[in-house]
K.L.:
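Here it is: the structure, laid out below.
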There are 2 protein chains.
Amino acid sequence: MSHTPGARQAQKQRTRQALLDAALGLLAEQSLSSLGLREVTRAAGVAPTAFYRHFRSTADLGVALVGEALDSLHAMIRTTLSPVDDSARRITRAVGLVAGHVDAHPAHVRFVARERHGGVQPVREAIREQLVRFAEEVKAELAKDPRSRGWSDDDLLMLAHLYVDQMLSTASLFLETPGDEPLERERVARLAARQLRLIGTGRAHWLD
Amino acid sequence: MSHTPGARQAQKQRTRQALLDAALGLLAEQSLSSLGLREVTRAAGVAPTAFYRHFRSTADLGVALVGEALDSLHAMIRTTLSPVDDSARRITRAVGLVAGHVDAHPAHVRFVARERHGGVQPVREAIREQLVRFAEEVKAELAKDPRSRGWSDDDLLMLAHLYVDQMLSTASLFLETPGDEPLERERVARLAARQLRLIGTGRAHWLD
DNA sequence: TCATCCAGTTAACAACTGTTCTCCCGCGGT
DNA sequence: ACCGCGGGAGAACAGTTGTTAACTGGATGA
């Protein structure tokens with residue numbers, strides 16, 4: 001019907017996205033290593049064999065999901081980053097950003113937390129690689145802070161990893177608390193804020 | 001009375017242990033949610049139907065594994081606990097204990113790290129419950145320290161959770177570094193030591 | 001306009017899964 | 001010495017799995 005260039009590839013990427021979305025949905029209640037090829041195609045509404053047009057295996061699909069999930073995390077890290085200091089107001093703002101991201105992309109957060117130590121090696125490596133990149137980005141931002149004067153590169157990277165791990169841990173904690181329990185959410189938020197404050201305190205006196 | 005040392009029940013627990021060990025071995029390269037009943041019995045050298053004499057499902061077996069794995073972690077936490085202070089010597093000792101435990105029980109560490117956020121809800125809850133118990137134990141030990149004077153119970157628990165998470169993170173990091181790379185191991189050990197030192201520094205100035 | 005390409009389909013394969021029933025046989029209590 | 005309990009084996013069940021092959025039909029490029 002339409003000779004518009006790209007309608008072909010557009011449809012292909014559409015079903016590819018349908019497969020990714022279907023998989024992400026199914027991964028809410030299982031791990032990637034138990035995700036079946038047919039299961040995914042069934043949920044996506046396509047024939048089993050169509051899967052091979054996009055991915056070699058479910059592990060391959062998992063690696064693609066890592067990119068998707070970490071892209072959304074990337075945006076949050078950026079916004080969480082700029083105000084990295086100990087001011088109580090900014091810490092609570094950072095925790096709020098994490099909470100908001102968990103609300104906006106719960107499946108992505110769950111996927112990363114679950115498969116970071118999961119049973120599929122290529123996916124583990126892909127996640128680790130991305131988290132290292134994040135830590136380096138955080139380190140670069142920390143280096144700009146006047147408070148980092150006198151810090152070695154290694155120590156800055158160490159602190160960056162600590163922040164990244166803490167953020168992921170907090171996100172996973174938010175994920176586990178049901179959304180209809182605002183008082184529990186507040187408890188988690190205050191716990192995370194205090195942990196960030198303690199790390200910040202350690203940072204302030206690191207060179208003593 | 002059923003206090004009979006019975007060769008009967010002894011054999012039963014023997015095959016039960018064989019199932020647990022076989023499962024733990026298989027879980028080195030996959031997640032619990034993809035672990036098959038027949039797969040386990042095959043590796044254990046028993047008939048598939050024998051499985052039901054001990055567990056209702058693989059998820060049930062997973063919960064049993066949590067107990068086993070966390071028992072071994074428990075012992076390490078205890079020994080790591082007593083010298084919780086900032087002396088560089090004791091920190092490196094604690095890190096060494098973690099490294100030693102990973103060497104002694106790699107499968108247990110891997111299982112806990114993997115299934116803590118894994119796809120089987122009952123197992124996740126069992127792990128979380130045990131980790132909460134650990135944190136409370138750590139908190140109790142921290143409370144004995146004269147340095148904790150003036151700390152609120154909530155803050156002590158917060159710090160305890162931070163220590164537990166940090167220990168698990170370190171253990172998982174050791175697990176991922178191949179054992180035949182002593183220089184990489186040393187790098188991980190020093191990273192963990194510095195992170196502990198930073199937390200300890202924050203602790204020392206918490207009440208400022 | 002027409003031949004080509006290629007995402008998606010249908011059909012079929014052997015292999016594997018969890019679960020039920022039936023049977024076996026050695027230990028434990030009497 | 002006997003019988004019953006119960007851990008384990010064996011066979012069979014209907015479903016599901018990943019993967020290959022041959023096919024269809026609409027978009028694509030000359």
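Values below: every heavy atom of this structure, side chains too, minus hydrogens, waters and symmetry copies.
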K.L.:
Expressed in angstrom and rounded to an integer, what is the separation of B/R14 atom CZ from C/dC27 atom P?
P.N.:
12 Å
K.L.:
Any donor and acceptor pair, going by atom type alone, linking the side chain of B/S31 with main-chain N or O of A/G119 inside 3.5 Å?
P.N.:
yes
K.L.:
Taking atom types as modelled, find out whether B/R16 and B/Q13 have a side-chain donor-acceptor pair closer than 3.5 angstrom.
P.N.:
no
K.L.:
Nearest whole angstrom, please: distance from the P of D/dG7 to the NZ of B/K12.
P.N.:
4 Å
K.L.:
So does B/R8 reach the base of D/dG6 with its side chain, donor to acceptor, closer than 3.5 Å?
P.N.:
yes
K.L.:
Is B/R124 paired with A/E176 through a side-chain N to carboxylate O contact shorter than 4.0 Å?
P.N.:
no
K.L.:
Give the stems involving DNA chain C, where a stem is 3 or more consecutive Watson-Crick or G-U wobble pairs (i with j, i+1 with j-1, and so on) under 3.5 Å.
P.N.:
C:1-12 with D:19-30, C:14-17 with D:14-17, C:19-30 with D:1-12
K.L.:
For B/Q11 and C/dC25, give me the distance from atom CD to atom P, rounded to whole Å.
P.N.:
16 Å
K.L.:
Using a 4.0 Å heavy-atom cut-off, does B/T15 contact any base of the nucleic acid, only the sugar-phosphate backbone, or nothing at all?
P.N.:
sugar-phosphate
K.L.:
Determine, for B/R187 against B/E184, whether the closest basic-nitrogen to carboxylate-oxygen distance falls under 4.0 angstrom.
P.N.:
yes
K.L.:
Sub-3.5 Å donor-acceptor pair from the side chain of B/T170 to the main-chain atoms of B/Q166, do we have one?
P.N.:
yes
K.L.:
Salt-bridged, B/E136 to B/K139, with N to O below 4.0 Å?
P.N.:
no
K.L.:
Can you list, in residue-number order, the parts of residues 37-56 of chain A that come under 4.0 Å of DNA chain D, counting heavy atoms only?
P.N.:
A/L37, A/R38, A/R42, A/T49, A/Y52
K.L.:
With the threshold set at 4.0 Å, does a side-chain nitrogen-carboxylate oxygen contact exist between B/E39 and B/R42?
P.N.:
no
K.L.:
If the threshold is 4.0 Å, N to carboxylate O, is there a salt bridge linking A/D103 and A/R185?
P.N.:
yes
K.L.:
Atom CD of A/Q17 and atom P of C/dA7: how far apart are they, to the nearest Å?
P.N.:
17 Å
K.L.:
B/L35 CG to C/dG18 C1': how many Å, rounded?
P.N.:
13 Å
